[in-house]
Structures are given as C-alpha cells and as structure tokens.
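Read through the structure below, which is laid out as structure tokens, and then see the notes.
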Amino acid sequence: MGRVLQGFGAAGAAPIVLPLVGDLYKDDDEKASSCLGIIETSNTFGKVLSPIVGAALAAIIWHIPFFAISAFSLISLIFVFFFIKVPKEKRRAT
C-alpha cells in the first residue's frame with residue numbers, strides 16, 4: 001500500500017516540474033534549458049543510484065532501507081532549502 005501511495009505522489013509531482021521551470025525562467029531560454037538538464041540528470045542519477053544504495057543498506061540489515069528514505073528525504077529537503085532560489089523578478093519599464 002505504501003508503494004501505491006508513493007507512486008501516486010511521484011506521478012503527481014513529476015509533471016509539475018517541467019512547467020514550473022518554464023514559468024520561472026520564461027524570459028531566459030538558456031537558463032531554463034540548463035535547469036531542465038540538471039533536473040533530468042539528477043532524476044536519472046537517482047534512478048540508477050537508489051537500487052545500489054538500497055541493496056548495500058539491505059546487505060547490512062535488511063530493514064534499513066525502509067528507514068533510510070526518511071533520512072534521504074530530510075537531506076533532500078535541506079538541499080532544496082539552501083540551493084534552490086527563486087529568480088529575481090525583472091521590473092518592467094512603464
């Protein structure tokens with residue numbers, strides 16, 4: 001049941017990222033392209049690394065991966081808090 005809930009959360013969050021980046025950098029195509037590249041690289045890196053890390057943690061004690069998600073989520077939240085900045089809004093001349 002937890003995996004189903006996780007799937008709904010991931011399926012709901014993934015399509016929001018692309019339009020959000022487009023809205024944040026609508027006047028700067030180069031910045032938007034760079035940001036989308038970083039997001040997709042991070043996503044792919046997570047998909048490749050997570051089974052490896054999960055298996056390594058399970059090799060130590062089989063139930064550690066169930067608790068590790070909380071630690072990894074907290075680390076991600078801290079990174080988002082410190083490294084993701086909203087671009088400054090440009091003032092338009094009237």
Side-chain angles (χ1 to χ4, degrees):
M1 194 64 189
R3 282 298 276 175
V4 170
L5 184 62
Q6 183 182 17
F8 282 131
I16 294 173
V17 173
L18 300 177
L20 175 65
V21 170
D23 287 347
L24 287 175
Y25 299 109
K26 58 184 158 199
D27 295 333
D28 190 355
D29 289 342
E30 185 175 320
K31 192 82 161 174
S33 177
S34 172
C35 187
L36 288 172
I38 291 170
I39 288 170
E40 198 53 43
T41 302
S42 301
N43 187 18
T44 303
F45 185 68
K47 288 177 183 175
V48 170
L49 194 61
S50 62
I52 296 168
V53 171
L57 291 173
I60 298 169
I61 299 176
W62 73 269
H63 61 275
I64 288 179
F66 297 106
F67 299 105
I69 189 70
S70 300
F72 289 131
S73 295
L74 181 62
I75 292 168
S76 296
L77 183 65
I78 291 169
F79 281 165
V80 166
F81 183 72
F82 285 111
F83 293 114
I84 304 296
K85 304 291 183 210
V86 175
K88 294 179 181 174
E89 199 170 313
K90 295 178 185 176
R91 292 194 173 158
R92 296 183 182 170
T94 56

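Owing to the predicted nature of the structure, the values given are computational and were not obtained by experimental measurement.
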Side-chain donor-acceptor distances from residues 48-76 under 3.5 Å, at least two apart:
unit_1, atom_1, unit_2, atom_2, d
Ser50, OG, Gly46, O, 2.9
Ser73, OG, Ile69, O, 2.8
Ser76, OG, Phe72, O, 3.0

For residues 30-43, which side-chain N or O atoms pair as donor and acceptor with protein atoms under 3.5 Å away, sequence neighbours left out?
unit_1, atom_1, unit_2, atom_2, d
Thr41, OG1, Gly37, O, 2.7
Ser42, OG, Ile38, O, 2.8

Minimum heavy-atom distance Ala11-Pro15, with the two atoms named:
O-CD, 2.9 Å

Sequence neighbours excluded, which residues qualify as ring pair (Phe, Tyr, Trp, His ring centres under 6.0 Å) partners of Phe79?
Phe83

Linking Ile, Leu, Val, Met, Phe, Trp and Tyr through side-chain heavy atoms less than 4.5 Å apart, which residues share a cluster with Phe8?
Val4

